[in-house]
Amino acid sequence: MSTTSGVLTYVLIALAVLLPVPYMLQLPGPVFNTLGDYQGDPMISVSGAKTYPTDGRIDMLTVAVSGGPGRDVFASQALGALLNGQETVIPTEAYYPLDTSREEVAQTNAVEMSSSQDVAIAAAMGELGKKYSVHLLVDDIVADSPAQGKLRKGDRLMSVNGKKLDTDPDAAAIMSRTVQGAKSVDLVVDRDGKTEDITVEPADIEGRKAIGINMKQDFDFPVDVKFNVEGVGGPSAGTMFALAIIDELTPGAMTGGKHVAGTGEIDPSGTVSPIGGARQKVAAATEKGATLFLSPADNCAEVMAAADQSKITVARIDTLDDAKTTVEQYASGDTSDLPKCPAGGADTNEKGQ
């Protein structure tokens, strides 16, 4: 009887260890030098304006994810990750609805990466005082939504309830705020070169007031920037992309030949937002030999808790201008007045790889 009980116990333990659990594991991912080459070609190349040689490194950082939609994580892996300070265990549904497919995740990550590149160029142009134009387009129509049959993919949104949208970098936010507070939405759109007036009444879609469109920004820049990066998704490389573009378009090496790394989602105005996986990113940066880490303000607590401050200096950034000024100051050798992360500062874990 005792032998049977012992065997059963071992079987139950084995099953518990091998059972899939609804969690994802975040761990340090590949590191890319935005000033260097990727697979033999420049990671970022700028044409259409005078560029300058540079030096040093401005690393973009990634988070590798185990698990998530379509991929199992086992209890033994989750337990091991909890004991490993460089990995984070998070519930899958905190990032993705339960019915999300692996293909949908990949598509979303690819769209976010593409968008982050456009926005990084916009932020860099703004920082350099170079003018550009932007248009807000209808990218997709939600089935059975108020917009179906009224708006079309490719419609250029000119105004909403009398508020100008065209050429405004904040057009998407203006559109969303207006829809949230309106019973009826009066749109002026440019469709195939002709202006049309369209009225749509918002409805409750997935718990929020909306008219049922996905939007995208269409930028027209004074320079042409090409990105050479594959297999990486999400919006969090935006700030590093913008710094690299600025470095190429301005004389001298921004880093002074030093090794800088960092992270942060960015918007066209240059505001830097928090990202996910900050703990893993500072670990990857340190492992690669970076000596300065640029942290979005709201990631400060997580970064400071994970960083080996004997090897890497952590600086807080709120804007692209902060990031640029900090790198230039660090390059000069003056580290006495770098913007510091506040002790016990706020910390968030926003989605974004």
Worksheet item: Does any N or O in the side chain of Q148 come within less than 3.5 Å of the main-chain N or O of A143, such that one atom is a donor and the other an acceptor?
Response: no
Worksheet item: Would L128 end up clustered with I245 when hydrophobic side chains under 4.5 Å apart are linked, directly or stepwise?
Response: yes
Discussion item. Quick check: do M254 and I246 have side-chain heavy atoms less than 4.5 Å from each other?
Written reply: yes
Fill in: Check: C341 and V303 side chains under 4.5 Å, non-hydrogen atoms
no
Worksheet item: What's the shortest heavy-atom distance between A147 and G212, and which atoms?
Response: CB-O, 4.0 Å
Worksheet item: Does R156 CZ have over 12 foreign heavy atoms under 6.0 Å away?
Response: yes
Discussion item. Show, in sequence, the C-alpha distance, side-chain angles and deciding distance for K194 and D192, and conclude whether the salt bridge (charged side-chain N to carboxylate O under 4.0 Å, His left out) test is met.
Written reply: CA-CA 6 Å; K194 297 180 180 179; D192 299 326; over 6 Å; no
Worksheet item: For V134, does its backbone N or O pair with a side-chain atom of Q217 as donor and acceptor, under 3.5 Å?
Response: no
Practice prompt. Give the ring-plane orientation class for F32 versus Y38, where under 30° counts as parallel, over 60° as perpendicular and anything between as tilted.
Written response: perpendicular
Worksheet item: With side chains defined as the heavy atoms from C-beta onward, is the minimum distance between K324 and L243 less than 4.5 Å?
Response: yes
Discussion item. Please check this pair: side chain of E265 against backbone of G238, looking for a donor-acceptor N/O pair closer than 3.5 Å.
Written reply: no
Worksheet item: Do D190 and D155 touch side chain to side chain, with heavy atoms closer than 4.5 Å?
Response: no
Worksheet item: How many angstroms lie between atom CG of L35 and atom NE2 of H259, to the nearest 0.5 angstrom?
Response: 10.0 Å
Item to complete: Verify side-chain contact (heavy atoms from CB on, under 4.5 Å) between Y330 and T335, making sure each step is shown before the conclusion.
Response: CA-CA 6 Å; Y330 187 76; T335 61; 3.6 Å; yes
Fill in: I198-I205 co-clustered via ILVMFWY side chain contacts under 4.5 Å
no
Discussion item. Check this for me: K216, atom NZ, are more than 12 non-hydrogen atoms of other residues, nucleotides or ligands nearer than 6.0 Å?
Written reply: no
Item to complete: Can you see which heavy atom on A307 is nearest to which on V282, and at what distance?
Response: CB-CG2, 3.9 Å
Discussion item. Is there a continuous path of hydrophobic side-chain contacts, each under 4.5 Å between heavy atoms, that joins L136 to I174?
Written reply: yes
Worksheet, complete the sentence: One should read off an interatomic distance between S295 OG and R316 CZ, to the nearest 0.5 angstrom, of 9.0 Å
Worksheet, complete the sentence: When rounded to the nearest 0.5 Å, the distance separating CG of N33 from CE of M43 is 8.5 Å
Worksheet item: Donor-acceptor pair, S332 side chain versus Q329 backbone, under 3.5 Å?
Response: yes
Discussion item. Is any side-chain heavy atom of V189 closer than 4.5 Å to one of L151?
Written reply: yes
Worksheet entry | Minimum heavy-atom distance P42-N228, with the two atoms named | O-CB, 3.3 Å
Response to the item:
Closest non-hydrogen atoms of Y132 and P268, given as atom of the first, atom of the second and distance, are OH-CB, 3.8 Å
Practice prompt. Say whether, by atom type as modelled, one donor and one acceptor occur between the side chain of T239 and the main chain of G264 under 3.5 angstrom.
Written response: yes
Item to complete: Kindly work out whether a path of hydrophobic side-chain contacts (I/L/V/M/F/W/Y, heavy atoms less than 4.5 Å apart) joins V160 to V188.
Response: no
Worksheet item: Checking T319 side chain against D322 main chain: does a donor-acceptor pair fall under 3.5 Å?
Response: yes
Item to complete: Would you check, one step at a time, whether the test side-chain contact (heavy atoms from CB on, under 4.5 Å) holds for T271 with I266?
Response: CA-CA 6 Å; T271 300; I266 200 168; over 6 Å; no
Practice prompt. May I ask you to test the M158-T195 pair for a side-chain heavy-atom distance under 4.5 Å?
Written response: no
Worksheet item: Would you call S47 and V223 a side-chain contact if the rule is heavy atoms closer than 4.5 Å?
Response: no
Practice prompt. Using a cut-off of 6.0 Å, state whether more than 12 heavy atoms not belonging to K311 lie near its atom NZ.
Written response: no
Worksheet item: Around atom NZ of K130, are there more than 12 heavy atoms of other residues, nucleotides or ligands at under 6.0 Å?
Response: no
Discussion item. One pair to check against side-chain contact (heavy atoms from CB on, under 4.5 Å): F293 and L61. What are the steps and the verdict?
Written reply: CA-CA 11 Å; F293 185 88; L61 308 161; 3.4 Å; yes
Worksheet item: Side chains of V272 and D318: does their closest heavy-atom pair fall under 4.5 Å?
Response: no
Discussion item. For the NZ atom of K258 and the OG1 atom of T291, what is their distance to the nearest 0.5 Å?
Written reply: 7.0 Å
Practice prompt. In sequence, state the C-alpha distance, the side-chain angles, and the governing distance for Q117 and V229, and then conclude on side-chain contact (heavy atoms from CB on, under 4.5 Å).
Written response: CA-CA 11 Å; Q117 293 169 355; V229 58; 3.8 Å; yes
Practice prompt. Please round to the nearest 0.5 Å and tell me the distance separating atom CD of E248 and atom CD1 of I44.
Written response: 7.0 Å
Item to complete: State which residue, out of L157, D218, I213, N214, fulfils the side chain to side chain contact (heavy atoms under 4.5 Å, CB included) condition with L137.
Response: D218
Worksheet entry | Positive for side-chain hydrogen bond (donor to acceptor under 3.5 Å, both in side chains) with H135, one of D166, D220, T167 | D166
Fill in: Minimum-distance pair of heavy atoms, taken over all atoms of F219 and A122
CE2-CB, 3.8 Å
Item to complete: Sort out for me which residue in T286, I275, N299, V31 forms a side chain to side chain contact (heavy atoms under 4.5 Å, CB included) with K281.
Response: I275
Item to complete: Ignoring hydrogens and angles, tell me if any N or O in the side chain of T62 forms a donor-acceptor pair with the backbone of P30 under 3.5 Å.
Response: yes
Worksheet entry | Heavy-atom pair of closest approach, residues A306 and R279 | CB-CG, 3.4 Å
Fill in: Rounded distance (nearest 0.5 Å) linking atom CG of D168 with atom CE of M175
13.5 Å
